[in-house]
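Data first, discussion second: the structure below is written as structure tokens.
Sequence positions, counted from 1, serve as the residue numbers for this chain.
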Amino acid sequence: QVQLVESGGGLVQAGGSLRLSCAASGSIFSINAMGWYRQAPGKQRELVATSTDGGSTNYADSVKGRFAISRDNVKNTVYLQMNSLKPEDTAVYYCNVRGRLWSTPLRPFDSWGQGTQVTVSS
């Protein structure tokens with residue numbers, strides 16, 4: 001009932017920048033949290049950054065000071081600005097959105113994007 005469309009991944013040299021976008025659509029009543037996770041080959045998926053509807057943000061220690069999460073609540077879109085990229089940032093990045101659906105009663109949803117590849121060359 002909720003679709004997420006990610007864009008913005010690609011290949012970049014170390015020190016470069018990329019901006020990821022994730023747009024949510026469907027029977028959305030409200031969005032509580034939007035975030036980004038990543039999974040490198042042979043590793044578990046890990047949190048990169050999250051943003052709540054209250055305005056608070058949370059970042060993994062490894063990206064603090066380099067990445068910035070933001071959201072457009074009108075467009076139901078979350079962004080991840082990634083600066084000073086390092087080879088260890090190479091991974092598939094997944095968008096995650098949590099909220100409530102238009103239904104009676106309101107039901108929660110927890111949706112994931114299809115993933116977008118980010119590759120940082122040294």
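In this structure, Arg107 has no side-chain hydrogen bond (donor to acceptor under 3.5 Å, both in side chains) partners at least two apart in sequence or on a different chain. Gln39 is linked by a side-chain hydrogen bond (donor to acceptor under 3.5 Å, both in side chains) to nothing, counting only residues two or more places apart in sequence or in another chain. Considering only residues two or more places apart in sequence or on other chains, Ser27 meets the side chain to side chain contact (heavy atoms under 4.5 Å, CB included) condition with Trp102. Residues meeting the side chain to side chain contact (heavy atoms under 4.5 Å, CB included) test with Trp112, sequence neighbours left out: Tyr37, Arg45, Tyr94, Asn96, Asp110. For Ser56, the side-chain hydrogen bond (donor to acceptor under 3.5 Å, both in side chains) partners at least two apart in sequence or on another chain are Thr52.
Under the 4.5 Å side-chain heavy-atom criterion for Ile, Leu, Val, Met, Phe, Trp and Tyr, Val2 and Val78 are members of the same hydrophobic cluster. When hydrophobic clusters are built by joining Ile, Leu, Val, Met, Phe, Trp and Tyr residues whose side-chain heavy atoms come closer than 4.5 Å, directly or via intermediates, Met82 is not grouped with Val92. Linking Ile, Leu, Val, Met, Phe, Trp and Tyr residues whenever their side-chain heavy atoms come within less than 4.5 Å leaves Leu20 and Tyr79 in two separate clusters.
No more than 12 heavy atoms of other residues, nucleotides or ligands shown are found within 6.0 angstrom of CD on Gln1.
Contact check for Val97 versus Asn76: no side-chain heavy atoms found under the 4.5 Å cut-off. Residues Ser17 and Gln81 meet the side-chain proximity criterion, which asks for heavy atoms closer than 4.5 Å. Residues Asp53 and Arg71 are in side-chain contact: their nearest non-hydrogen atoms beyond the backbone lie under 4.5 Å apart. Looking only at side-chain heavy atoms (C-beta outward), Leu4 and Gln114 stay at 4.5 Å or farther from each other.
Among the candidates Val63, Val48, Thr57, Asn58, the single residue satisfying the side-chain contact (heavy atoms from CB on, under 4.5 Å) test with Ile69 is Thr57.
Taking OG of Ser51 as the start and CE of Met34 as the end, the distance is 8.0 Å to the nearest 0.5 Å. Here the OG atom belonging to Ser111 is positioned 7.5 Å from the CG atom belonging to Leu101, to the nearest 0.5 angstrom. Residue Gln13 holds its CD atom at 5.0 Å from OG of Ser121, rounded to the nearest 0.5 Å.
The main-chain N or O of Cys95 is found under 3.5 Å from a side-chain atom of Glu6 such that the two form a donor-acceptor pair. Listed for the Arg66 side chain is a donor-acceptor partner under 3.5 Å among the backbone atoms of Ser84. Remark: the backbone N or O of Thr90 is not paired with any side-chain donor or acceptor of Thr119 at under 3.5 angstrom.
In plain terms, the two heavy atoms of Tyr59 and Ala49 that are nearest each other are CD2-CB, 3.6 Å. Of all non-hydrogen atoms in Ser30 and Phe109, the two that sit nearest each other are O-CE2, 3.8 Å.
Every pair passing salt bridge (Lys or Arg N to Asp or Glu O under 4.0 Å) that includes a residue from residues 10-39 is listed here, sequence neighbours excluded: Arg38-Glu46, Arg38-Asp89.
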